[in-house]
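The next block holds one structure in the form of structure tokens; read it before the comments.
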Amino acid sequence: MIDLKYLQNNFEEASAKLHIKGVAVSTLEMLQTLFSTLKSCNATLESSKAEQNSMSKLFGQYKREGKDIAELKAKVDANKEAMIPMQDKARDAEEALYSLALTIPNFPDMSVPEGKSEEDNVELRKVLAPKSFAFTPKEHWELAQINGWIDFERGVKLAKSRFSVLRGEASRLERALINFFLDTNAKKGFVEHSVPFINNASMLQGTGQLPKFEDDLFKIEGEDLYLIPTAEVPLTNLYNDEILSEKDLPLLMTGYTPCFRKEAGSAGRDTRGIIRQHQFNKVEMVAIAHPDKSQAVFEMMVENASDILTALGLPHRVVELCGGDLGFSSAMTIDLEVWLPGQNQYREISSISNTRDFQARRAKIRFKAEASADKKNKKNRFVHTLNGSSLAVGRTIVAIMENYQNEDGSIEIPEVLHKYM
RNA sequence: CGGGAGAUGUCAGAGUGGUCGAAUGUGCCGGUCUUGAAAACCGGUGAGGGUUAUACCUCCGGGGGUUCGAAUCCCCCUCUCCCGGCCA
């Protein structure tokens, strides 16, 4: 959630930033109006309550002293009666305020390149040159067929379209990759976690998937539960509604989970192969960082994910997302795109974001500052949360298949994975 | 899924209609004492809103209700523990 006080005090700046993410000024004006309505309602309501409280105390005193309470009761009743409409007004304003506020995306960072869509993203660098093939490289679904690695038809039979089955060597490759990713992350200080793959609505709201993107989620019927679309949800929300101690920051976490997405808006896209599935495996990094130090953590995370691709010998490029392509919760995102020779293009394989205090506000993740001379700053502050894939497992399999293919369709296994298989 | 008990501050644990944001112990922070530490003693120590700062408001699992007044009474929900059923 955005900082409503900031919005109120810097309306021009805030609305310019959110314009990049397609938020209309009128929406923000509405938000601001609700916010000030709520504040003024609360102010009057609180003074009425103060009066009510003090009269109630008197009431007790009168009774003990055996005084007549009829007059006092009449006053107290009248005051109580008068509070009701104000209470209703405040409640309505609060409800409207928060239901609107929860749909407003995060501010993009000042440094984020301008642009409307994917087209305007900025390539920062390329790592490893694509290898040239003496033959025409095949796409991964052809290779899957040749090697019997992926059973698309039976995946569909078991569930529905966009589900598939990995078989034999491919399944072992998947397991090897998960272990390799987790081990590499652990070496960088990320503590491995094994978390629930089902989370409740409040957690999904904490990281920003709800209430706005409910259509993208698989919901458990009759329960307040959803299949997680990414491990970012459980890992970040591990500290939901907690106050951490400054000396524990940054918290670096990693975990492997399957991810479940309805892919509601992507009918017709990537229908062949396993690039876009309803269920895919991913190893995720999540960091909970001190606000002054989140940028350094962010860069470390990008480097870590890129190093993993390099270790696998997979050519990739590092791309900074423009304002228009940023996700809902993100202030700044860097994507890693891996080279797919069969498709003859770079495809996203990792996405690393700094959400700053946006998720922390929603999920109420704060930290207590170390005792310092500065007593004014004693207030608990929101942490910064960051997340990034390291890496998407299915897409890594695709990348290995396409980059390590031989002319006869057989596939080499990257050197670093040998000890895992 | 059925029966019983419970949910209070870091933790333990009192409080069953007013003077309770909450006893006491413990933990933590600061101080005295000490060569240093421990012990002992003294002081401080939950969260959110609000204010220049105070006042002041809200929060005793969550939501609703009764009452002038609710941690305390009533209803619903969630969770935890114990017993039984089922089960990797």
Side-chain angles (χ1 to χ4, degrees), chain A residues 1-9 31-32 34-99 101-102 194 196-206 210 219-226 234 237-248 258 357 359-383:
Chain A
M1 196 157 75
I2 59 167
D3 182 352
L4 293 173
K5 275 190 227 164
Y6 169 79
L7 177 75
Q8 194 173 47
N9 299 329
L31 195 65
Q32 198 183 25
L34 287 167
F35 187 50
S36 42
T37 305
L38 179 62
K39 280 182 73 170
S40 69
C41 281
N42 277 341
T44 39
L45 202 55
E46 278 178 17
S47 63
S48 296
K49 277 184 183 166
E51 209 179 321
Q52 189 79 2
N53 288 343
S54 68
M55 284 194 286
S56 288
K57 272 184 189 165
L58 260 187
F59 203 102
Q61 195 185 319
Y62 278 25
K63 270 202 136 175
R64 248 176 286 125
E65 293 168 358
K67 286 190 189 168
D68 179 36
I69 52 167
E71 194 186 334
L72 183 62
K73 178 157 166 49
K75 261 173 85 178
V76 146
D77 284 342
N79 188 54
K80 197 185 175 190
E81 192 73 20
M83 268 180 359
I84 291 172
M86 186 59 75
Q87 247 159 355
D88 290 345
K89 196 178 167 195
R91 190 183 302 178
D92 290 350
E94 186 165 12
E95 245 167 59
L97 175 69
Y98 287 109
S99 63
L102 286 171
S194 181
F197 304 157
I198 296 174
N199 282 191
N200 63 43
S202 166
M203 300 304 115
L204 274 299
Q205 181 177 295
L210 289 179
K219 187 176 195 310
I220 310 287
E221 194 180 342
E223 305 266 1
D224 182 41
L225 297 169
Y226 297 81
N237 282 297
L238 277 176
Y239 297 97
N240 188 299
D241 199 23
E242 291 194 26
I243 299 170
L244 303 163
S245 127
E246 184 173 8
K247 65 178 182 334
D248 294 334
D357 62 359
Q359 292 178 326
R361 270 175 204 287
R362 291 176 157 246
K364 297 195 184 70
I365 309 174
R366 292 148 291 169
F367 72 96
K368 194 177 279 295
E370 291 284 292
S372 68
D374 192 7
K375 277 188 181 161
K376 268 196 163 177
N377 264 340
K378 242 179 76 181
K379 277 211 161 184
N380 297 330
R381 297 171 66 190
F382 288 109
V383 298

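Throughout, a chain's letter reflects where its sequence line sits, starting with A, and its residues are numbered from 1.
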| request: May I ask you to test the A:Arg362-A:Asp357 pair for a side-chain heavy-atom distance under 4.5 Å? | output: no
| message | Taking B:G17 as the reference, what is the distance to B:U67 when you measure between their C1' atoms (whole Å, please)? | response | 9 Å
| How many Å lie between CD on A:Glu246 and C1' on B:C29, as a whole number? | 15 Å
| said: Roughly how many Å apart are B:G69 and B:U16, using the C1' atom of each and rounding to a whole number? | reply: 16 Å
| said: Does the structure show a Watson-Crick or G-U wobble partner for B:A40, both distances under 3.5 Å? Name it, or say none. | reply: B:U32
| task | Taking atom C1' in both B:U72 and B:C81, compute the distance separating them and give it to the nearest angstrom. | result | 23 Å
| query | What interatomic distance, in whole Å, is found between P of B:G18 and the corresponding atom of B:C73? | reply | 12 Å
| message | Measure CZ/A:Phe367 against P/B:U10 and give the value in whole Å, please. | response | 18 Å
| said: I'd like the P distance from B:U10 over to B:G64, given in whole Å. | reply: 24 Å
| said: So A:Asp77 and A:Lys73, do their side chains get closer than 4.5 Å, heavy atoms only? | reply: yes
| Quick one: is B:U45 close enough that its OP1 or OP2 comes under 4.0 Å of any side-chain N or O from A:Lys368? | no
| field | For atom CD of A:Glu94 and atom C1' of B:G48, their distance in whole Å | value | 12 Å
| task | Tell me whether the OP1 or OP2 atom of B:U78 has a side-chain N or O from A:Asn200 closer than 4.0 Å. | result | no
| query | Does the side chain of A:Asn380 get closer than 4.0 angstrom to OP1 or OP2 of B:A47 through an N or O atom? | reply | yes
| query | A:Ile84 CD1 to B:C68 P: how many Å, rounded? | reply | 12 Å
| task | Answer with base, sugar-phosphate or nothing: what part of the nucleic acid does A:Gln52 contact at a heavy-atom distance below 4.0 Å? | result | sugar-phosphate
| When rounded to the nearest Å, what value does the distance between C1' atoms of B:U8 and B:U26 take? | 16 Å
| Base paired to B:U45 (Watson-Crick or G-U; both N/O distances under 3.5 angstrom) | B:G27
| query | Expressed as a whole number of Å, how far does the C1' atom of B:G6 sit from that of B:C57? | reply | 31 Å
| message | Check this for me: A:Lys75, atom NZ, are more than 12 non-hydrogen atoms of other residues, nucleotides or ligands nearer than 6.0 Å? | response | no
| note | Separation of B:C77 atom C1' from A:Glu223 atom CD, nearest Å, is 13 Å
| note | Atom CZ of A:Phe382 and atom P of B:A47 are separated, to the nearest Å, by 13 Å
| Out of B:C57, B:A47, B:G50, which nucleotide sits closest to the side chain of A:Ala50? | B:C57
| task | Among the candidates B:G50, B:A47, B:C57, find the nucleotide nearest to the side-chain atoms of A:Lys5. | result | B:G50
| field | Student check: side-chain heavy atoms of A:Tyr62 and A:Leu72 closer than 4.5 Å | value | yes
| request: Report which part of the nucleic acid A:Ile243 touches: base, sugar-phosphate, or nothing (heavy-atom distance under 4.0 Å, all strands). | output: sugar-phosphate
| request: With a 3.5 angstrom cut-off on both distances, give the Watson-Crick or G-U wobble partner of B:A53, or none if there isn't one. | output: none
| query | How do A:Lys80 and A:Arg91 order along RNA chain B: which one's closest nucleotide is nearer the 5' end? | reply | A:Arg91
| Would you say A:Lys57 reaches B:C20's phosphate, i.e. side-chain N/O to OP1/OP2 under 4.0 Å? | no
| field | Sugar-phosphate only, base, or nothing, as touched by A:Asn42 at under 4.0 Å among non-hydrogen atoms | value | nothing
| query | A:Glu71 has an atom CD; how far is it from atom C1' of B:C68, in whole Å? | reply | 14 Å
| message | Applying the Watson-Crick and G-U wobble criteria at under 3.5 Å, what pairs with B:G2? Answer none if nothing qualifies. | response | B:C83
| query | Is A:Met203 close to A:Tyr226 at the side-chain level, that is, under 4.5 Å between some pair of heavy atoms? | reply | no
| field | Side chain to side chain, A:Leu225 and A:Asn199, heavy atoms closer than 4.5 Å | value | no
| message | Let's test this: given Watson-Crick or G-U wobble pairing with both distances under 3.5 Å, identify the partner of B:G18. | response | B:C68
| query | With a 4.5 Å heavy-atom cut-off, do A:Val383 and A:Tyr239 have their side chains touching? | reply | no
| query | What interatomic distance, in whole Å, is found between P of B:G50 and the corresponding atom of B:U58? | reply | 16 Å
| request: Between A:Lys49 and A:Ser56, name the one whose nearest nucleotide on RNA chain B is closer to the 5' end. | output: A:Ser56
| query | Rounded to the nearest Å, what distance is computed from the CZ atom of residue A:Phe59 to the P atom of nucleotide B:G69? | reply | 9 Å
| Within the pair A:Asn53 and B:C56, is there a side-chain N or O less than 4.0 Å away from OP1 or OP2? | no
